[in-house]
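The structure under discussion appears below in the form of structure tokens.
In what follows, chains are A, B, ... by sequence order, proteins preceding strands, each numbered from 1.
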Protein chains: 2
Amino acid sequence: MSIIKITDETKKESISTEDYLKAIYKLMNVSSGSVKTQDIANKLGVTSAAVSEMVKKLATKELLDYIPYKGVRLLPEGIKKGKLVIRRHRLIELYLHEYLDIPRNMVHEEAEVLEHFASDYLINKMDKKLGFPQFDPHGAPIPDKNGIIPTHKTAIPLSESKKGDVCKIVRVSNFDSELLEHLENEGITIGVLITVSGILEFDGTVQVRIGEKTSSLSTKICQNIWVDPIN
Amino acid sequence: MSIIKITDETKKESISTEDYLKAIYKLMNVSSGSVKTQDIANKLGVTSAAVSEMVKKLATKELLDYIPYKGVRLLPEGIKKGKLVIRRHRLIELYLHEYLDIPRNMVHEEAEVLEHFASDYLINKMDKKLGFPQFDPHGAPIPDKNGIIPTHKTAIPLSESKKGDVCKIVRVSNFDSELLEHLENEGITIGVLITVSGILEFDGTVQVRIGEKTSSLSTKICQNIWVDPIN
DNA sequence: TTAGAAGTTTAAGCATGCTTAAACTTTTTG
DNA sequence: CAAAAAGTTTAAGCATGCTTAAACTTCTAA
């Protein structure tokens, strides 16, 4: 019989808390600095009032620092837990795609739910089956058990590529189902090699060649496609 | 664009409601007739007061008939939904056991949670991968999409076998983790052939031979082991 | 630098589903 | 068959996390 110490770190957080930590973690990576009430509210689809209340509670649990009217910043414990939610999410996405043939544009919504309910035991089994993968089906990095996050070191957004560039698609950083389906149809998927055949001055539309096919991609789309230049 | 009719049948029930329907469904199969408040409370680990309240709500949704002080009886809609929860549970158990190497004595608790969150889409993918199986890792029948439940037609509890019987183990109808681990260690698992080598008059202890090994099983355990006589 | 706009917080209220304690009904038993 | 025991229901209260409306703070632009 072993003695298990129940610390703050061990305790399981509520679904809502996990959602907040994940959302705030992601927002911190964008607007590095403090995260605003309204941004969290938008991300989670709740009112600012709800965020305001919830954030106060998370502060008392020492998951984040909260300065009223100023914003919020995750503390180490909050970062750790946020990363773990993302780890579960991305491993589930990859597992569903690889082993249950669930198309890329559908894995997100399934994982969005299951990330809160798959036990660590189960997650680690999936991780092992998948061979301790580094990236999910959209090329997003999967934090390891210790929270270490792999990177696409040399990747740039396709919107910053130049005419003539040959590059490999390494990430699509958006999970809109319609967009993902469209890209899939165009042959724009992770691992594929493309050549930038032209960029319109007018609005930045990027024309790419994928094998025999060509495809035109708007600036907004290109900002979500990350590529590794080969040349 | 298609028109989707949202009927009572389509609506997703709360986790709690699903737990109640599943519990009541199982209890109806035991004490065929009406199910008592306290039995539900015991099964779910809540107070009778909680059951009393909840059952009233389920009655207004026409999932069951409720006569105060008398008990509860599922209506067709309740039966259908109860079966679907059980279907999800058992398919998940089987999937976890077959594809993620999760031992039999651990699949129950994982499935207990996931049964509420795996989408129908996902469940049907698993069903297909598994080849539309009829029984879960404990030999329990898996209702199909239409609620049809396969049976072990000729099975009897091991507690009713006779000395000299040769039979195949088809079901262990208990999910106590310790018991399951014990049976696994004794070689008593689904599909295995055993010979009843003796039964003690004193307390009904059954002695069985499994290949070279022998094992003694209490009456209580034998009531949970279902076998198909071969001879 | 100050008024209005934009953003945030507080307050009151709701829904779900649980608890305990008290009241009530049914069953058992002497 | 009546009193005690067993079982059930009602009532009040709690926790979580959401909403709207009102109050408050901060930012922005003239």
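With respect to the salt-bridge test (charged N to carboxylate O, under 4.0 angstrom), the residues E115(B) and R90(B) do not qualify. Ionic pairing of R104(A) and E181(A) is not present here: no N-O contact between side-chain nitrogen and carboxylate oxygen is shorter than 4.0 angstrom.
Contact record, V72(A) with I24(A): CG1-CG2, 3.8 Å, taken as the closest heavy-atom pair.
OP1 or OP2 of dT16(C) has not a single side-chain nitrogen or oxygen of Y20(B) nearer than 4.0 Å. Dashed line: the shortest gap from a side-chain N or O of Y66(A) to OP1 or OP2 of dT9(C) is under 4.0 Å. Close to dT19(D), at under 4.0 Å from its OP1 or OP2, lies a side-chain N or O of T47(A). OP1 or OP2 of dT27(C) sits under 4.0 Å from a side-chain N or O of K70(B). Contact check, S16(B) against dC18(C): a side-chain N or O comes under 4.0 Å of OP1 or OP2.
Residue A50(B) places its side chain closer to dT19(C) than to any other of dG17(D), dG7(D), dT19(C). Here dC18(D) is the nucleotide among dG7(D), dT25(D), dC18(D) with the atom lying nearest to any side-chain atom of V46(A). Side-chain atoms of E53(A) lie closest to dC18(D) of the nucleotides dT19(C), dT10(D), dC18(D). Here the nucleotide nearest the side chain of A49(A), chosen from dT10(C), dT19(C), dT10(D), is dT10(C). For T37(B), counting side-chain heavy atoms from C-beta on, the closest listed nucleotide (dT8(C), dT9(D), dC18(D)) is dT9(D). Closest approach to the S14(A) side chain among dG17(D), dT9(D), dT9(C) is made by dG17(D) (side chain taken as heavy atoms from C-beta onward).
When the P atom of dT16(C) is taken as reference, atom CG of D19(B) falls 16 Å away, rounded to whole Å. Between the OH atom of Y69(B) and the P atom of dT9(D) there is a distance of 6 Å, rounded to whole Å. Between the C1' atom of dG17(D) and the CD atom of E13(A) lies a distance of 15 Å, rounded to the nearest Å. Regarding I15(A), its CD1 atom lies at a distance of 11 Å from the C1' atom of dT16(D), rounded to whole Å. Q38(A) has its CD atom 12 Å from the C1' atom of dA5(C), to the nearest Å. Per the geometry, NZ belonging to K61(B) stands 8 Å off P belonging to dT16(C), to the nearest Å. Here dA6(D) presents its C1' atom at 13 Å from CG of N42(B), a figure rounded to the nearest Å. The interatomic distance linking K36(B) (NZ) with dT26(C) (P) rounds to 12 Å, in whole Å.
Contacts of S48(B) with the nucleic acid, taken as non-hydrogen atoms under 4.0 Å apart, include base atoms.
Here the two rings, on H89(B) and H108(B), have centers that are under 6.0 Å apart.
Between the side chains of H116(A) and D19(A), at least one donor N or O lies within less than 3.5 Å of an accepting N or O.
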